[in-house]
Amino acid sequence: MSDPELTSETQPPKRRRFKCCVGKAAFALGVCLLAGTGLALHKSRADGLMARIHHGLVVCAPGTGLSMTPNSAGLLHTAATPAMLRLQLATQNDGRVVVVPGSNQLSEVLASSRRARTLLMLDLNDTDPVAVAKLIRKARMRDRVVLVAPDHEGIEAALQADSAMMVAIPIRSTRDAYLAHRMAGHHPYAAYVAPNATPALFALVHRDAEAIITENPNTPALSTTKFLAERPVDIVVTQQPTQFTQTLKHDS
């Protein structure tokens, strides 16, 4: 039986060396775990919508539930144009939320999108925003989606479904801009502004909205580059993402 009064200085050299090695190993393991956790957190934040917007214009292309591969969906994966996919949601008879056309479960699409680091714009249509928000939280995609509701009541429901999820609010006038800011309160929201709106309206909503969404102007009277230079835009929705990106490169 060991002497209870035996101090570390009177312990045998082998035991002291063993305890020292164990302590160093535990410390090194703790440092590695902290570093790994920090790296994973940093990567997750870097994939978020706001981080991607900060690094460049986000080009959003329409997608379907028939296939979720980047090539078939027309996604672009470049540093200048981070990819976002716009999907239409529907509710099946059994209550499950799916992406249409097609019948891919939203839960599966969210999981695939997270692995592919793809941002999503989800048109809620007739789905329950609470059910959709629950699936998004479960997939850990809260900071990578924008919810688009079909009407005023749908927007309010989407805002209430989750306190941090981005919700798009259409803005057509100065009055709409102030109403959107009041409706959202402290909730993050994206201003969905028509491409024919004045640069002044874009500048106004830029003060309050977390992000500004618009559609490809498709007008010969104004080049895409000039259009974007005169308006603060974060996300552009276009039916032809490849052509849009090539136009930007050509104009520049």
Side-chain angles (χ1 to χ4, degrees), residues 30 32-56 58-65 67-70 72-73 75-79 81-92 94-100 102-125 127-149 154-155 157-169 184-190 209-211 213 234-235 237:
C32 289
L33 288 174
L34 287 174
T37 301
L39 182 61
L41 182 61
H42 173 74
K43 185 178 183 301
S44 177
R45 289 178 176 175
D47 290 340
L49 176 62
M50 297 310 298
R52 303 278 283 276
I53 286 174
H54 177 74
H55 285 92
V58 174
V59 177
C60 180
T64 72
S67 178
M68 284 302 297
T69 59
S72 60
L75 293 180
L76 301 175
H77 289 279
T78 67
T81 54
M84 172 177 273
L85 191 62
R86 185 165 188 172
L87 304 175
Q88 302 293 325
L89 304 185
T91 305
Q92 290 183 318
D94 59 6
R96 289 185 293 182
V97 181
V98 297
V99 178
V100 293
S103 59
N104 280 4
Q105 301 295 318
L106 177 58
S107 57
E108 298 174 357
V109 172
L110 289 168
S112 299
S113 299
R114 180 173 176 81
R115 289 192 296 269
R117 302 174 60 193
T118 303
L119 303 174
L120 296 177
M121 185 180 296
L122 303 177
D123 281 83
L124 295 171
N125 298 313
T127 60
D128 178 9
V130 174
V132 173
K134 183 178 180 180
L135 293 172
I136 293 172
R137 286 193 296 269
K138 186 175 181 180
R140 295 179 295 170
M141 287 280 288
R142 290 176 81 195
D143 63 339
R144 304 186 195 185
V145 302
V146 177
L147 301 180
V148 181
I155 293 172
L159 289 169
Q160 295 172 7
D162 188 279
S163 62
M165 218 167 288
M166 189 81 73
V167 176
I169 303 179
H186 297 293
H187 195 290
Y189 72 98
E210 297 293 322
I213 305 170
D234 300 303
I235 303 170
V237 180

*Please report the shortest heavy-atom distance between Val99 and Val109, naming the atom on each side.*
CG2-CG2, 3.8 Å
*Between the main-chain N or O of Cys60 and the side-chain N or O of Arg86, is there a donor-acceptor pair closer than 3.5 Å?*
no
_Minimum-distance pair of heavy atoms, taken over all atoms of Ile169 and Ala184_ = CD1-CB, 4.4 Å
*Heavy atoms, side chains only, cut-off 4.5 Å: are Arg144 and Arg52 in contact?*
no
_For a 4.5 angstrom cut-off between non-hydrogen side-chain atoms, does Asp143 reach Met50?_
no
*Could you check if a side-chain atom of Leu49 sits within less than 4.5 angstrom of a side-chain atom of Glu210, using non-hydrogen atoms only?*
no
*Given Ser163 and Arg142, is the side chain to side chain contact (heavy atoms under 4.5 Å, CB included) satisfied, shown in steps?*
CA-CA 10 Å; Ser163 62; Arg142 290 176 81 195; 3.9 Å; yes
*Measure the CE-CG distance between Met141 and Leu106 for me, rounded to the nearest 0.5 Å.*
9.5 Å
*Write down the atom of Ala164, the atom of Pro188, and the distance for their closest heavy-atom approach.*
O-CG, 3.4 Å
*Side-chain donor/acceptor of Asp123 to backbone N/O of Asn125, under 3.5 Å*: no
*To the nearest 0.5 angstrom, please state how far the OG atom of Ser113 sits from the CG atom of Leu87.*
6.5 Å
*In Å, rounded to the nearest 0.5 Å, how long is the span from CG of Leu122 to CG of Leu110?*
6.5 Å
*Find the distance between CD1 (Ile136) and CE (Met165) and round it off to the nearest 0.5 Å.*
4.5 Å
_Beyond-backbone contact of Leu119 with Ile235, side-chain heavy atoms, under 4.5 angstrom_ = no
*CG/Leu147 to CE/Met166 distance, rounded to the nearest 0.5 angstrom?*
10.0 Å
*Distance from Met84 atom CE to Leu120 atom CG, nearest 0.5 Å?*
7.5 Å
*How far apart are the closest heavy atoms of Gln92 and Ser103, and which atoms are they?*
NE2-CB, 4.2 Å
_Contact check, side chains of Asp234 and Val58, non-hydrogen atoms, under 4.5 Å_ = no
*asked:* Minimum heavy-atom separation for Ile53 and Ala211, please, with both atom names.
replied: CD1-CB, 3.7 Å
_Quick check: closest heavy atoms across Ile213 and Met121, and the distance to 0.1 Å?_
CD1-CE, 3.8 Å
